[in-house]
S.K.: 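Shown below is the structure under consideration.
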Amino acid sequence: MLDRNEEIQRRRIFGIISHPDAGKTTLTEKLLLHGGAIRQAGTVKARRNDKFATSDWMEIEKQRGISVTSSVMQFEYAGKVISIMDTPGHNDFGEDTYRILTSVDSAVMVIDGAKGIEAQTRKLFRVCSLRGIPVFTFINKLDRETKDPFDLIQELEDVLGLPSVPVTWPIGCGLNFQGVYDILKNEAILYKAGKTIKLGAAGVFGPELEEEITGFNLQALRDEIELIQGAGNEFDMEKISRGQLSPVFFGSALADFGTVPFLEHFLDMSPAPGPRKTLDGEVRPEDDFFSGFIFKIQANMNPAHRDRLAFLRICSGTFERGMSVRLSRTGKEMKLAQSTMLMANQRENVDEAIAGDIIGIYDTGNYQIGDTLSTRREPLFFEPLPTFPPELFALVSPKDTMKAKQFQKGVSQLAQEGAIQVYHNQYNEIVAGAVGQLQFEVFQYRLENEYNAKVRMDRLDFSLARWLSAEDSEASRLEKIKGMLDSRTMLVYDHFERPLILFANQFTLNYFCEKHEDLKLLEAMEVQSARV
Ligand code: G4P
């Protein structure tokens with residue numbers, strides 16, 4: 001029997017960040033398959049098609065054939081307990097995708113080798129880099145023609161500002177794909193022959209590969225490795241742990257090639273759960289008291305009841321079913337009677353869980369995103385979770401003014417759940433903000449179906465939001481600022497009555513900043529107060 005600290009050391013929680021179609025689902029499937037969590041590949045994908053046995057909670061999901069909400073998949077491999085947090089990526093990209101990244105200890109960035117770094121990857125990487133978590137890069141689709149691997153590495157540096165160090169290196173690509181060279185283990189894994197060759201001390205410069213790979217220009221590979229060894233970044237575990245250096249792997253998720261070396265190195269290098277900052281210090285996973293925070297609320301699992309599932313990342317202590325904990329925001333005692341753990345595509349009840357586990361707890365409307373639960377005698381607040389800047393905005397109003405009350409209630413509950421950002425402008429009109437179009441559709445659908453409030457949504461032509469500083473928010477300054485605004489900007493207030501300005505685009509924002517140099521506009525990623 002392992003003791004609790006050894007159990008914690010076995011845990012790994014990560015999220016996959018990528019642009020749609022880079023191969024995130026395919027890679028997830030292969031990882032689960034190696035962990036024996038699913039019997040055959042295709043299970044993950046099925047969720048996106050027509051089998052909605054486990055996520056049948058919303059018509060909209062069925063209509064569109066996608067999973068709006070995300071879950072956790074836990075599996076074991078080589079003695080480690082691995083949780084993959086599913087980050088919605090297709091049309092269902094939303095704030096949830098960002099928030100999930102606040103609960104993970106590392107991230108895997110999947111890049112399509114033919115396309116390089118794409119828009120969504122860039123946005124998601126920003127969240128990881130803000131948190132300083134390690135980011136591992138998997139360059140996918142090597143069975144097809146790809147960009148030059150050096151150009152891909154350079155792109156990481158140029159586009160993301162992320163230095164990297166190759167751990168595996170491709171031997172050819174596309175029709176000429178021969179395999180990958182594992183630089184750390186000094187072995188070559190051959191694609192067609194499906195075998196691993198241990199290389200001598202001279203590595204790829206020795207004779208071993210010459211007999212194995214025929215009809216391939218080995219000199220090109222040797223030149224590349226020479227270049228990596230001569231001019232590339234040094235392998236530095238410290239920097240990797242701080243997210244300042246990304247280990248890079250090459251492979252084909254579809255062919256399940258390069259995935260095992262990736263998984264094994266990843267498990268060696270990725271961190272076990274570490275301490276988490278609180279407002280008065282930090283909580284360590286091995287602390288005895290139980291603590292955790294809610295980073296996601298998934299609503300309406302069963303449309304007949306208005307129940308929700310709150311996802312909790314355990315940060316310390318042991319969770320036991322039925323235990324009583326304190327919700328710090330209100331000081332109320334809560335009994336965690338019903339809880340669930342999500343494993344591949346089925347839910348299981350959990351009786352016990354520890355730091356590094358994610359559990360879902362049933363909620364009848366008590367919890368909010370960012371809430372801390374704990375058994376510590378003194379109140380405990382984890383550092384607030386960041387809120388992320390919406391990029392889409394719409395004016396929202398009830399179609400039927402008689403239903404104004406339901407409308408208000410629905411809007412405020414959905415905002416509380418984190419399904420959407422809600423602001424109001426100076427005329428007290430409601431402005432909704434989202435990072436993905438589907439968030440609007442879900443919001444509208446749920447207001448109609450759960451709150452019986454039909455709404456009108458008029459899209460606004462803004463794509464950026466910036467908070468005003470505390471000094472500029474002061475009444476007399478604010479009056480002056482109102483006079484500076486034109487039709488390409490709008491002043492709105494968030495949930496905490498903090499003013500922010502919406503801008504049509506980057507150009508409008510830059511122009512405004514140049515004209516009003518004395519104003520301090522705060523980049524998004526502003527923190528949200530966890531206290532009421
Ligand atoms: P995503 O979750 O990141 O959006 O990507 P997903 O895994 O769904 O993969 C997108 C497409 O890319 C899929 O093809 C998938 O089969 C393909 N793909 C993933 N990894 C590789 C790879 O290593 N090599 C090659 N050649 N293709 C890969 P599709 O035609 O859109 O879907 P499907 O019909 O195959 O399911």
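Just so you know, ligand 1 is whichever comes first in the structure, and atom 1 is the first atom listed for that ligand. Keep in mind that what you see is a predicted model, and the values were worked out from it rather than measured.
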S.K.: Below the 3.5 angstrom mark, is there an N/O of Leu142, backbone or side chain, next to an N/O of ligand 1?
M.R.: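 No; the residue has no nitrogen or oxygen that sits under 3.5 Å from a nitrogen or oxygen of the ligand.
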S.K.: Under a 4.0 Å heavy-atom limit, does Pro20 contact ligand 1 with its side chain, its backbone, both, or neither?
M.R.: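 Contact part for Pro20 vs ligand 1: backbone (N, CA, C, O).
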S.K.: If you round to the nearest 0.5 Å, how far is CD of Glu226 from CD of Gln219?
M.R.: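 Going from the CD atom of Gln219 to the CD atom of Glu226 covers 8.0 Å.
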S.K.: With heavy atoms only and a cut-off of under 4.0 Å, state how Lys24 meets ligand 1: side chain, backbone, both or neither.
M.R.: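 Answer for Lys24: both.
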S.K.: Would you confirm whether the ring centroid of Phe249 sits within less than 6.0 angstrom of the ring centroid of Phe266?
M.R.: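 No, they do not, as the ring centres are separated by 6.0 Å or more.
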S.K.: Report, in ascending order of atom number, the atoms of ligand 1 lying under 4.0 Å from any heavy atom of Ser252.
M.R.: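 Within the 4.0 Å cut-off of Ser252, ligand 1 contributes 22 (C), 23 (O), 24 (N).
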S.K.: Does the ring centre of Phe136 sit less than 6.0 Å away from the ring centre of Phe262?
M.R.: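 No: the rings miss the under 6.0 Å criterion.
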S.K.: Within the 4.0 Å heavy-atom shell around Thr26, which atoms of ligand 1 are there?
M.R.: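 Near Thr26, meaning under 4.0 Å from one of its heavy atoms, ligand 1 has 6 (P), 7 (O), 9 (O), 15 (C), 19 (C).
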S.K.: Checking contacts here: is it the side chain or the backbone of Asp21 that comes within 4.0 Å of ligand 1, counting heavy atoms only? Could be both or neither.
M.R.: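 It is both parts that get close, each with some atom under 4.0 Å.
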S.K.: Check Asp458, Asp461, Leu460 against Phe393 for a side chain to side chain contact (heavy atoms under 4.5 Å, CB included) and give me the one that passes.
M.R.: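 The side chain to side chain contact (heavy atoms under 4.5 Å, CB included) with Phe393 is passed solely by Leu460 among Asp458, Asp461, Leu460.
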S.K.: Start with the C-alpha gap between Thr121 and Ser18, add the side-chain angles, then the distance that decides, and say whether side-chain hydrogen bond (donor to acceptor under 3.5 Å, both in side chains) holds.
M.R.: CA-CA 5 Å; Thr121 313; Ser18 65; 5.9 Å; no
S.K.: Please verify the inter-ring angle class for Tyr191 with Phe177; under 30° counts as parallel, over 60° as perpendicular, anything in between as tilted.
M.R.: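 Tilted: the ring planes of Tyr191 and Phe177 meet at 30° to 60°.
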S.K.: Please determine if Ala253 has a nitrogen or oxygen closer than 3.5 Å to a nitrogen or oxygen of ligand 1.
M.R.: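 Yes - when backbone and side-chain N and O of Ala253 are compared with those of ligand 1, one distance drops under 3.5 Å.
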S.K.: Please work out whether any backbone atom (N, CA, C, O) or any side-chain heavy atom from C-beta onward of Thr25 is under 4.0 Å from ligand 1, and answer side chain, backbone, both or neither.
M.R.: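 Under 4.0 Å from ligand 1, Thr25 contributes backbone and side-chain atoms.
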S.K.: Please work out whether the ring planes of Tyr77 and His34 are parallel, tilted or perpendicular, with thresholds of 30° and 60°.
M.R.: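 It falls in the perpendicular class, over 60°.
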S.K.: Which of the numbered atoms in ligand 1 are under 4.0 angstrom from any heavy atom belonging to Arg144?
M.R.: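 It comes down to these atoms of ligand 1: 26 (N), 27 (N).
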